[in-house]
Asks: 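First the structure, which I've put down as structure tokens, then a few questions once you've had a look.
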Amino acid sequence: MKLIRRILFGVSLFLATLLLGVLAIAVWPQILINSKTLEIASHFLARKGIDLQWKDLEVHFDSLALLRKRMSLKTQGLCVHVSDSEIFGCSTVLNLSVAVSFARLIPNLIEIGPVLIQDLKWSMGSGKKRIQGRLDLQGSPSQVRELEPLESGEFQLSGYTLLPDRSKIEVRGLLNLEREAKTRKLSLHHFNLKYFLDANFKKSITHSKVAAHLEGELNPQQFLSRVSGLASGWLTQLPRVSFSNCQLALRRNPSPAKEPARAKLQLECPLQLEVPVPPKTRNFFRIPSDLGVLLEARLNTAFPPSIDEVVSGVATAKFEPLLTPLIQGQAQIETHLEGIPSELPNQFQMEAQLGLNAKVHHFENLVRTLEDTVWAVPAPLNVLNGNLNLNVNGKTKLNQGQFPIQISSRLSSKTQKLDLDGLGDFKFNRIQDEFSPELNFNLTLSQVQLEIPRLDWAIPPQLFPDDRIGPIFKSNRETKLESQSAFNYKIHLRTPQNQPIKIVTNLAQAPIPVGLDLHVESQKPLSGVIQVGKFPVEVFRRKALLDHFDIQLAHPIKDSSIDGLLRVDYADYQISLKALSTIDKPRISATSDPPLPENQVYAALLFGRQMEELNSDQAASVGDARAAFADGAVSLASLFVFASTPIQSLGYDESTKSISAKVRLGEGTSLNIGSASPVSGAAQNASAGIQKRLGRFWTITTDLSRSDTGEGGVASAYLEWSHRY
Amino acid sequence: MKFALKFDNLKIDLKRRAFSIIRIVLFSVLGWGISFSIQSQADSFASESQLPNPGPYEQLCDHLVILGSVQPAWTPVEKRLICGDPQSEAWKSIPYSQKKYNIRNFLQERGYLHPLFVPPQVHDREIKVIVGWQTYLTDVQVIGANGIVDIHRKRDLLGKPLTPSILGAIEKWVTQQLQSSGYACPQVSSQANSSTGEVRVFVETGEVQNVLDVTTDSLSDMDSRAFRRYDAFDLNRPFNSNLLTVTSNRILQFRIVESTHFTSRCDSEGVHLFQDMVPGPPRLLTLGGGLSSEGVILAKATWRNARLGKMGSLLDFTATGSSQIQSLNATLNWYFLPHVSRYYLSPFVQLLHRNEINYEYISSTARFGISRTTDEGNVGTILFFGPKLDLYRTLRGVGQQNSKLVSLSGSVLLKSHAFEYYTQNPQAGFTLFSSLDLNNNHFFSDFNAQRISVRGEALWNFKNYDSPLWVIGLRGGFATLITQLDPTQGVLPPSLLQYLGGSIDIRGFSRQELPGPVGGISSFFLGSEARLTQVLPLGLDPFLFVDVGAIGSQGVSFDSPLYWSPGLGVRWGSPIGPFRMTIAHGYQNLDPAHWQFFFSLGEEF
């Protein structure tokens with residue numbers, strides 16, 4: 001019993017001593033925290049890798065109440081170095097006052113300030129990852145009352161940070177803190193922060209910079225901010241963005257305390273974008289270099305905003321109408337979004353509605369404007385008048401988008417017309433990091449009549465560059481790589497069924513109707529059909545009708561299959577000239593109704609006579625023409641030339657696949673069209689045979705019969721007149 | 001007024017133009033300006049200070065000056081596409097970028113691949129075009145046809161302007177080489193480096209393909225299958241385009257039809273041939289004139305039925321006349337078998353008057369026998385065997401006045417396909433003719449005179465260039481009589497005696513000058529010639545030659561002197577046949593004889 005009493009006494013004495021000690025510390029905290037104990041603590045911390053040094057240190061405690069104390073710490077030359085994390089800081093002066101309440105078991109911070117940090121130079125990291133900066137902070141509670149906690153405080157903050165790449169962020173601000181009235185606690189969530197910041201950020205190498213001025217208010221119920229600033233040099237496509245008086249309001253929704261706090265975010269921000277229009281274009285199109293955009297947003301978000309919480313709402317970008325003498329246009333983008341930004345793009349739904357409308361009211365003005373530029377509208381389109389329209393309206397999500405595109409033209413001149421109507425859409429899909437854009441477009445040549453250059457009955461000049469000749473050799477692989485593109489497109493170009501393109505040419509009596517049904521696709525050769533419809537022609541000195549000429553395009557283009565039919569009417573029969581096979585080697589056959597031998601048909605076509613009435617030269621020409629046509633040696637262009645010109649004779653050398661023709665240009669005038677190669681050779685010299693026709697009845701014949709008998713031994717040439725009967 | 005224009009590689013160009021016209025339509029619709037605009041952007045404008053010395057000056061149109069020489073000159077259509085066409089509302093104005101695009105294309109067509117442009121300035125609206133220099137072909141490589149096509153054989157490529165048409169010609173040449181090597185349907189394309197002038201030809205040969213079948217036009221008066229007897233090619237053997245030409249030439253040589261051509265189509269199995277015919281009427285009357293050896297004017301008249309009967313037999317009556325030889329010939333090639341065959345009966349009758357420096361006679365010959373043609377390997381052969389009757393009447397010179405020989409005659413004519421292919425421009429191949437006449441004075445003949453003759457010619461294309469650089473020719477002949485008679489006995493008619501001299505054997509002596517009035521029993525000659533081709537302008541080919549020969553008074557023996565004649569000449573491949581002129585000096589052993597000049601049309605070595 002005695003022992004128990006002694007133990008109880010001892011415990012009571014210990015508790016009383018402990019209580020007295022705590023009470024003593026609460027009343028005189030300088031017992032525990034003073035310059036000497038801090039110096040001892042610094043030695044202890046040094047062993048833990050935290051080096052704490054100062055030139056002068058003074059700790060002073062004020063008693064606000066029995067259990068409320070204010071500690072004032074004044075230091076000069078305070079330096080901290082945490083060797084593990086390479087943190088270093090050194091200030092000239094650091095004065096800090098805080099008030100703490102010991103009324104509860106866990107001390108409670110009830111006041112901060114005044115605070116004075118002068119010339120705090122700090123750095124983090126080392127080597128290339130080192131960042132450093134300077135900070136000045138000064139502030140004091142605006143209202144200090146004895147025995148009452150802090151109600152508000154104002155702090156001035158200034159400083160800068162140098163990033164590893166020597167970029168610099170400067171900050172100046174005024175922080176205003178207020179205590180939340182009900183809870184009386186001093187914590188971030190319960191303070192009303194009024195701030196204004198001037199922030200500057202520069203990247204010295206790229207000359208990129210951001211300069212912004214923010215001011216606003218932050219409290220547990222709302223975050224209001226007004227921002228003005230300028231960002232430049234960050235994107236080539238957008239060299240400069242300036243914004244003035246951007247209003248951002250984030251207001252907390254009223255909700256039960258247990259539920260996560262949500263808020264409404266409202267943004268209204270007028271932007272001025274500098275569009276990188278090339279100077280020439282800008283001058284010619286008179287496009288302003290600045291583009292005004294009004295950004296608006298109505299979003300539901302967490303409060304305070306967090307990238308790990310759901311965000312939903314609508315954001316809109318309204319572009320200022322573009323009104324230039326040449327082009328008028330306007331555009332608007334409306335975006336609906338919902339999701340968790342940190343999980344973007346997977347758990348984030350975003351759908352944007354894009355509207356774009358552009359018009360060229362006077363195409364002729366555009367032609368004039370571009371006339372002396374590299375973008376000049378070429379003939380024969382440069383004489384057209386009228387307008388062009390472009391409309392793009394569509395929706396896009398983060399991983400996929402679709403933009404319907406509509407274009408139209410209504411252009412015309414005295415002899416030409418160009419009415420196009422295009423409808424299609426631009427789509428894109430994104431799977432992980434792969435972005436696949438795709439354009440599907442149907443272009444209808446609603447009403448088109450074009451004039452091609454005035455040509456002569458001769459070989460047309462080379463109108464397009466021969467891609468076989470270039471500054472470098474290309475391997476097949478390089479050619480394939482060139483043709484591959486990340487952009488997939490499918491363009492369907494067609495003419496309405498009864499409205500083919502009309503091609504006006506001096507070589508035909510009437511416009512040539514051409515129907516198109518073409519498919520232009522990425523990574524695929526041009527495919528589709530070109531159909532030349534019925535039109536009257538004069539061929540072989542007779543009126544004829546081109547019934548059709550269809551080209552089914554293939555790759556390479558010379559292998560495209562053709563199907564053509566030309567009808568020539570004679571008194572007793574009709575001749576049909578069919579062209580089949582490929583563009584490169586068109587096989588031309590002639591048939592008649594009622595049927596005639598093919599030679600008779602060619603005789604009628606070439607000379608307008610029956611075979612029996614032809615002389616030897618003409619008969620041989622018939623044979624040569626047949627062979628040349630069947631062998632694909634007569635190209636379509638040369639057929640056109642031959643068919644349109646009175647042929648006196650035609651020769652074909654099957655070994656060299658070359659043709660020659662003598663055509664009559666007028667009375668007593670003839671033109672010899674030969675196939676002499678720019679390089680001679682045995683192939684050219686072999687000639688078609690042992691006879692060389694000179695004219696209607698005349699040939700040069702190399703007589704081999706004498707050598708056959710062996711009696712003469714040499715060949716002789718005879719100039720012969722011959723007649724078959 | 002007649003005039004002629006020459007278009008480079010007409011076929012290929014026309015094809016390209018066909019594409020061009022299609023592209024005009026398409027690009028006009030699609031806004032063809034895109035293509036040239038893009039190119040225009042890539043062009044660097046030249047400042048005048050950078051320009052090389054441009055050369056001649058041409059004011060092509062208002063505000064456009066061409067500096068430099070453009071060959072050939074601009075065509076009217078080209079001018080319209082550069083300067084605009086006042087007669088066309090749509091094409092009256094051509095913007096600068098389009099002018100530039102067109103000029104660049106037109107210059108590329110001519111081999112000017114590096115033009116410079118000075119655009120119009122505010123103070124000076126004039127456009128200046130510096131034509132620049134032509135890029136020439138420096139090297140050609142064929143890729144994908146190793147061992148099949150040797151492009152270095154193509155002699156006259158390097159140094160030519162690099163143009164689209166020359167690329168077309170190269171592709172065509174390579175294609176032809178492949179087609180003559182069994183690759184019937186090769187794929188050939190080319191690329192050229194505009195900076196270096198190098199050309200690469202890419203070839204996909206495909207497989208060697210056999211000729212599977214021939215489809216021939218049907219003729220009303222002849223079984224068209226009979227044309228197969230002229231084939232230089234064989235079915236189920238590799239395709240060779242040259243043999244098609246040889247076949248056509250054979251048919252045309254006999255004037256069987258007016259015109260014939262082969263066309264071919266490939267499929268996975270092989271090549272199908274199609275032979276087109278323009279038969280014309282079968283009967284042919286021909287009157288002709290010309291120059292033969294020694295520059296003698298010839299006249300010739302022929303009547304021929306070239307399609308006699310369903311098997312296409314030939315009946316020919318020909319009269320030829322010159323100051324030295326006049327003859328009447330009747331020939332029948334009678335394909336007597338009821339099916340297509342290369343056997344035929346070949347009766348032949350000839351009446352001949354010959355008046356040479358040393359003799360004059362009239363002879364009549366009647367021959368009846370069977371003939372056969374064959375084509376084995378690269379050689380075509382004509383064989384003849386049959387009896388022959390020769391009647392001679394000597395009018396002047398040695399020999400009895402009238403004589404008669406009944407012989408059993410045989411002959412072989414070998415002719416390589418290459419020789420036939422290059423008929424009009426001899427440069428390769430060989431021909432060899434040999435004949436044998438056997439007779440006996442106990443069998444309707446007046447005396448024994450077994451006649452043997454061999455004559456041949458071979459040509460080589462030195463280093464096989466195309467076109468040839470040097471054509472080397474060798475020709476020779478040997479003829480002899482096996483007889484107990486001596487020419488001086490005055491029994492043997494001059495037609496059986498051997499004489500030499502003239503353009504057909506020894507060119508340093510005049511026609512039939514050697515050995516003198518009394519001919520020989522045996523003779524031989526050997527001639528060689530080296531012709532340089534396509535080096536001199538105007539198509540003149542010079543050549544050097546040496547002919548050697550000898551005559552013997554006994555069978556298969558030769559006496560002194562040895563006749564020889566070095567000389568030189570020139571050949572001109574005129575549009576109406578080859579003209580040849582030679583001048584040579586004859587020698588008898590080392591004793592000079594005289595100079596001899598020959599001129600001929602149509603003669604080849």
Side-chain angles (χ1 to χ4, degrees), chain A residues 371 374-376 378-380 383 414-415 450-454 456 460-463 465-466 468-469 471 473 599 619-620 622-623 626-627 630-631 635-638 654-655 669 672 675-683 685 687 689-690 700 710 713-714 716-725, chain B residues 4 6 8 10 14-15 17-18 20 24 28 33 37 40-41 78 85 88-91 94-95 97-98 105 109 156 164 166-167 169 176 191-192 194-195 245 249 252-253 258-259 261 263 276 278 280-281 283-288 290 292 423-425 433 455 466-467 504 576-577 601-603:
Chain A
E371 193 173 11
V374 292
W375 300 284
V383 296
K414 280 182 189 171
T415 57
L450 293 173
E451 192 176 331
I452 62 172
R454 195 160 55 93
D456 295 338
Q462 181 180 311
L463 295 175
D466 189 323
R468 293 175 300 177
I469 301 175
F473 287 119
N599 287 332
V622 166
R626 249 187 90 186
D631 216 7
S635 68
L636 298 172
S638 53
E654 66 194 34
S655 63
T669 307
N672 291 309
S675 60
S677 167
V679 289
S680 59
N685 294 329
S687 187
I690 57 167
I700 291 289
V714 290
S716 295
Y718 289 92
L719 177 63
E720 288 186 338
W721 175 93
S722 57
H723 175 63
R724 279 186 184 266
Y725 64 98
Chain B
K6 190 178 275 187
D8 287 344
L10 175 75
L14 287 177
K15 278 177 186 165
R17 302 309 188 275
S20 296
I24 289 174
S28 296
S37 291
S40 300
Q41 289 181 65
E78 288 174 333
D85 183 1
S88 167
E89 189 262 345
W91 290 88
I94 311 287
S97 54
Q98 195 174 11
N105 291 329
E109 194 176 16
D156 48 1
I166 203 166
L167 291 183
Q176 196 184 357
Q191 279 187 32
S194 58
S195 304
T245 304
N249 281 355
L252 294 174
Q253 174 193 339
E258 290 275 22
S259 167
H261 289 281
T263 53
D276 297 336
V278 177
R283 291 174 293 277
L284 176 71
L285 177 63
T286 305
L287 302 173
S292 72
T423 297
Q424 286 218 332
N425 187 16
F433 178 78
R455 186 184 185 97
D466 187 9
S467 59
I504 63 170
I576 59 168
L601 168 63
E603 232 182 54

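For the numbers below, each heavy atom of this structure counts, side chains included, while hydrogens, waters and symmetry mates do not. Proteins get letters first, then strands, A, B, ... in listed order; numbering begins at 1 in each.
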Asks: Determine the option with the most heavy-atom pairs under 4.5 angstrom with chain A, choosing from B:Gly288, B:Ala192, B:Ser88.
Replies: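 Maximum pair count with chain A is reached by B:Ala192.
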Asks: Determine the minimum heavy-atom distance between B:His261 and A:Ala627, stating which atoms define it.
Replies: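 The pair with the smallest heavy-atom distance is CB-CB, 3.0 Å.
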Asks: State, to 0.1 Å, how close B:Pro95 and A:Pro378 come at their nearest heavy-atom pair, and which atoms those are.
Replies: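 B:Pro95 and A:Pro378 have their closest heavy atoms at CG-CA, 3.9 Å.
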Asks: Nearest 0.5 Å please: distance from the CG atom of A:Asn599 over to the OG atom of B:Ser259.
Replies: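 Here the interatomic distance stands at 8.5 Å.
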Asks: Looking only at heavy atoms, which two atoms of B:Ala90 and A:Glu451 are closest? And how far apart?
Replies: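 For B:Ala90 and A:Glu451, the tightest heavy-atom pair comes out as CB-OE1, 3.5 Å.
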Asks: Might you point out which heavy atoms bring A:Arg454 and B:Asp85 nearest each other, and give the distance in Å?
Replies: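 Heavy atoms of A:Arg454 and B:Asp85 come nearest at NE-OD2, 2.7 Å.
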Asks: Can you tell me how far apart CD1 (A:Ile469) and CG (B:Leu167) are? Round to the nearest 0.5 Å.
Replies: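 Result: 5.0 Å between the selected atoms.
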Asks: Restricting to non-hydrogen atoms, name the atom on A:Ala379 and the atom on B:Trp91 that form the minimum distance, rounded to 0.1 Å.
Replies: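 Taking every non-hydrogen atom into account, O-CH2, 3.5 Å.
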Asks: What pair of heavy atoms forms the shortest contact from A:Pro461 to B:Glu78, and how long is it?
Replies: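 Taking every non-hydrogen atom into account, CB-CG, 3.5 Å.
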